[in-house]
Amino acid sequence: MARYNAKTVEKKWQKIWAERKVFEANMGDKKPKYYILEMFPYPSGRIHMGHVRNYTLGDVIARYKRAKGFNVLHPMGWDGFGLPAENAAFQKKIHPAKWTHENIAAMRDQLKKIGLALDWSREFATCDPEYYGQQQALFLDFYENGLAYRKEAWVNWDPEENTVLANEQVINGRGWRSGVPVERRKLAQWFLKITDYSEELLDTLAKMDRWPDKVRLMQENWIGRSKGARVNFQIDGRDQPLEVFTTRPDTLFGASFCALSADHPLTEELAKDNSELRAFQEKCRKLGTSAEAIETAEKLGFDTGIKVRLPVGDGRELPLYVANFVLMEYGAGAIFGCPSADQRDLDFARKYKLSTPAVVLPEGEDEAVFEIGTEAYTGPGTMINSEFLNGLSTDEALKRIIEHLESAGTGKSEVVYRLRDWGVSRQRYWGCPIPFIHCETCGHVPVPKSDLPVKLPEDVAFDKPGNPLDHHPTWKHVKCPGCGEDAVRETDTLDTFVDSAWYFARFTAPNAKDPIEKSAANYWLPIDQYIGGIEHAILHLLYARFFTRVLKKLGQLDVDEPFTGLFTQGMVNHMTYQDSEGVWVLPDNVKTKKDGTFVRIDTGLSVTEGRYEKMSKSKNNVVDPDDIIEQFGADTARWFMISDSPPGRDLLWTDAGIEGAWRFVQKVWRLANDSLPALVSAPTTRPDRFSKEEIKLLTLTHKTIAGVSKDIEAFHYNKAVARLYEFVNGLSGIDEKSRKSWAFRQALLTLIRLLGPMMPHLAEEIWQKLGHKTLLADAPWPEVEKEFLSDETITIALQVMGKLRDTLEIPPNTDKSGLEKKALASEKVQRAIGDKEIKKVIVVPGKIVNIVIG
RNA sequence: GCCCCCGUGGCGGAAUUGGUAGACGCGCCAGACUCAAAAUCUGGUGGCCUUUGGGCCGUGUCUGUUCGAGUCAGACCGGGGGCACCA
């Protein structure tokens with residue numbers, strides 16, 4: 001028998017699926033819809049193993065749901081904009097568009113070789129003008145509804161490159177590419193008003209039960225709701241009070257100072273004629289650029305000399321500082337400091353020799369001797385030194401003080417969120433142009449929708465630093481749509497997270513004249529299952545949720561949440577190797593010697609093993625999917641991706657593992673081929689009676705159907721794989737004669753159908769060899785027959801004092817007293833009991849009998 | 001610092017609501033086939049002891065709850081992740 005030739009067989013079926021448009025999705029089908037989506041790839045140049053895993057995981061679901069009778073939408077596209085294209089332009093002198101489109105073409109070919117059940121007719125890239133033009137229209141809708149606005153904001157400015165850097169592009173306070181110290185600059189930036197939805201985005205998380213708890217928790221922390229109070233402090237010599245936000249108004253009597261952010265309006269006002277304060281502001285702003293600096297930063301303050309009044313009690317006088325640890329973006333941009341109940345405030349108070357009155361007495365402490373040392377007490381307790389709050393618990397005090405402040409008109413309860421508005425301006429070429437025009441008389445004016453898309457100019461130069469759009473000779477010079485005078489285009493482009501915040505909705509009608517075609521979006525959305533990496537747990541998923549809510553508000557669709565089900569898959573890891581000179585060595589270049597040590601094949605240097613780490617170019621521990629598919633075929637690669645490791649955990653790539661998968665593919669092929677002659681003479685109609693052997697085989701078959709279905713639905717693919725191994729082992733053990741039965745034929749056909757989602761090419765090939773004229777891809781999932789789900793006998797564990805002494809084979813319906821009798825009849829059980837007295841017998845039907853002796 | 005998750009053979013991992021720990025695969029060992037090898041097939045494979053009947057120990061560590069704990073509770077140790085002056 002010929003070995004299975006994956007290469008020709010896989011090509012054959014990929015061609016047939018494509019020609020017959022098997023996976024193209026259409027609305028209007030009577031079947032229930034199912035929208036499955038994996039996060040679309042960034043066209044970096046080549047597919048990596050992480051992609052293969054991601055798309056295989058989704059493809060199993062797509063094919064399974066199809067077989068289960070769903071109208072499945074499973075599209076693919078490209079996250080086309082982004083910085084790497086500009087880096088390539090800068091380094092290799094290739095235009096970003098050319099680079100991106102070449103990468104897309106290469107990666108599309110690679111993806112097609114995996115045999116994914118994708119609807120390629122809906123493919124688009126976010127860098128297509130047809131897509132980003134629609135995005136510009138959406139942006140204008142956001143603007144008209146007050147959800148997009150411009151404001152001055154601090155940014156990381158690289159003075160060498162004349163551009164803004166993202167936080168992750170700033171390393172130790174320096175530009176990642178230029179290496180020069182980054183400056184903080186205030187620039188006019190576009191923002192999307194995600195904070196309008198803080199509460200909704202947070203509250204809905206609780207209902208999203210098909211999302212991993214971990215992701216929901218991360219989003220919850222990111223949105224960061226805090227309940228507290230806004231409190232007004234009178235400022236000596238001024239009418240306007242100072243507003244501060246606090247979560248601990250109960251500790252108000254313990255205040256010893258107030259502090260402003262360096263960017264607070266009052267600070268700015270005071271700094272106008274105070275050069276020392278201006279210098280201090282500068283110092284604070286420099287700190288903001290380096291995460292490392294923040295960590296080790298000392299609490300620094302600048303005494304303004306101004307006094308404020310405690311709004312409770314005798315209106316005690318407190319000094320007003322400007323402090324480096326107070327953020328303008330959070331709460332009121334100003335705080336009151338209670339050193340005894342907050343560690344930062346305590347550090348600050350110690351440094352500036354301020355008082356630290358204790359107001360919360362921990363349980364078990366004596367008020368007479370209790371003192372605050374180097375650690376603040378932030379826990380609950382009993383109020384002291386707090387006048388009308390004295391003796392109350394912190395919880396009671398919290399309520400009482402808010403009542404007091406509200407009735408006195410000096411404060412009110414307030415909820416604040418950590419979530420900030422989403423800054424979307426990027427000083428980049430390869431992104432979606434923001435459709436605005438700046439006019440001296442009219443301000444910023446939206447580009448009329450009829451003029452969209454605002455296309456990127458193609459003739460750009462990357463030879464000088466900064467944004468090519470900004471120094472393009474003609475592109476930005478236009479007439480103002482308002483007054484007709486000379487004006488300039490906005491040269492910033494949108495953050496690429498905007499592109500991916502709504503692509504899933506565009507897939508439902510990729511050629512629509514408007515951003516969204518409501519009927520299509522309402523038919524397909526929400527996405528029933530979304531699959532991607534945990535690295536997008538916060539930003540991408542939160543932005544997509546935000547966009548969906550806005551799209552609903554704009555009347556473009558009727559769903560609240562885009563993703564009903566979310567699954568985050570693990571990474572693909574590989575052993576790392578380093579040679580004796582410390583150079584990372586590619587796995588392909590490592591040979592194991594007889595004594596178990598390793599050497600580099602090319603240089604002969606000895607090599608040591610490191611840890612398993614995510615496949616990455618920097619660690620040089622990558623395995624190229626193309627090589628694997630060339631050598632073993634896509635089915636083998638797919639099978640390995642889903643066997644062994646649970647999809648949610650990291651997968652360890654090993655040569656032995658991929659070879660094991662390959663052997664299994666061959667084994668299935670052999671089983672089918674070896675069975676063909678017998679199947680020719682097997683009856684095709686179901687007999688009335690089955691032999692004992694046949695019942696056993698049918699029981700295995702139907703248990704496997706039930707188990708595999710359940711495991712696929714629960715993303716326990718590795719368990720489904722284990723069941724299929726057992727099934728194949730069971731079938732392989734059946735002799736030639738017994739294969740000539742209806743039951744065996746059913747079992748083998750079932751096996752092929754169950755394998756369909758996992759190794760579709762091989763399954764399709766065998767399906768055809770077994771005489772089918774229609775495609776397996778169109779065949780329904782096998783039905784479970786309940787009568788074959790229960791075994792004739794089950795095994796009961798017999799324990800004495802909780803220790804296993806014997807097992808019992810009995811019919812499943814044996815009752816308690818029957819079980820007890822049989823258990824006591826066991827010789828091994830009797831030996832374990834010995835001459836001890838039986839105190840109690842615990843019988844759990846179907847599980848165990850446990851005898852307690854004394 | 002705060003929050004979260006995870007620790008099971010040589011390895012990846014199974015184990016309904018507490019009920020036979022180690023399914024399945026990899027690796028390893030032995031055997032069959034072969035001149036030989038590869039491929040394939042069969043059997044074995046947690047540790048220790050053993051009179052070969054079996055016995056004892058064993059899910060990071062310790063304590064507890066229970067007839068019974070990988071599973072529940074508490075403390076600790078180790079690994080991973082998220083957030084980070086958020087008032």
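Lettering of chains follows the sequences in order, A, B, ..., and the numbering in each one begins at 1.
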Worked check of side-chain contact (heavy atoms from CB on, under 4.5 Å) between A:D347 and A:Q343: CA-CA 6 Å; A:D347 294 346; A:Q343 192 60 44; 3.2 Å; yes
message: With rounding to the closest Å, how many angstrom separate the P atoms on B:U71 and B:U16?
response: 13 Å
task: Please identify each residue that fulfils side chain to side chain contact (heavy atoms under 4.5 Å, CB included) with A:T576, with sequence neighbours left out.
output: A:W584, A:E613, A:K619, A:N621
- line: Given protein heavy atoms under 4.0 Å, the one-letter contact record of nucleotides 11-18 of chain B, with B base, S sugar-phosphate only and - none, is simply -BSSS-B-
query: B:C2 and B:C56: how far apart are their P atoms, nearest whole angstrom?
result: 46 Å
query: Do the non-hydrogen side-chain atoms of A:D644 and A:N718 ever get within less than 4.5 Å of each other?
result: no
query: Dot-bracket for RNA chain B, 5' to 3', with Watson-Crick and G-U pairs under 3.5 Å, [ ] for crossing pairs and | for other-strand pairs: what is it?
result: (((((((..(((......[....)))((((((.......))))))((((....))))..(((((..]....))))))))))))....
Nearest-angstrom distance, C1' atom, B:A30 to B:G19: 36 Å
query: Can you tell me how far P in B:G31 sits from the matching atom in B:A38, rounded to whole Å?
result: 14 Å
- line: The complete set of side-chain hydrogen bond (donor to acceptor under 3.5 Å, both in side chains) pairs with one or both residues in residues 329-340 of chain A, sequence neighbours excluded, reads A:S226-A:Y330
- request: Quick one: list whatever passes side chain to side chain contact (heavy atoms under 4.5 Å, CB included) with A:T410, sequence neighbours left out.
  value: A:P311, A:L405, A:A408
Span that lies between the P atom of B:C48 and that of B:A39, in whole angstrom: 30 Å
Do any N or O atoms of the protein come closer than 3.5 Å to N or O atoms of nucleotides 53-59 of chain B, and which pairs are they?
| residue | atom | partner | partner atom | Å |
| --- | --- | --- | --- | --- |
| B:G55 | OP1 | A:R805 | NH1 | 3.3 |
| B:C56 | OP2 | A:R805 | NH1 | 3.4 |
| B:C57 | OP2 | A:K803 | NZ | 2.8 |

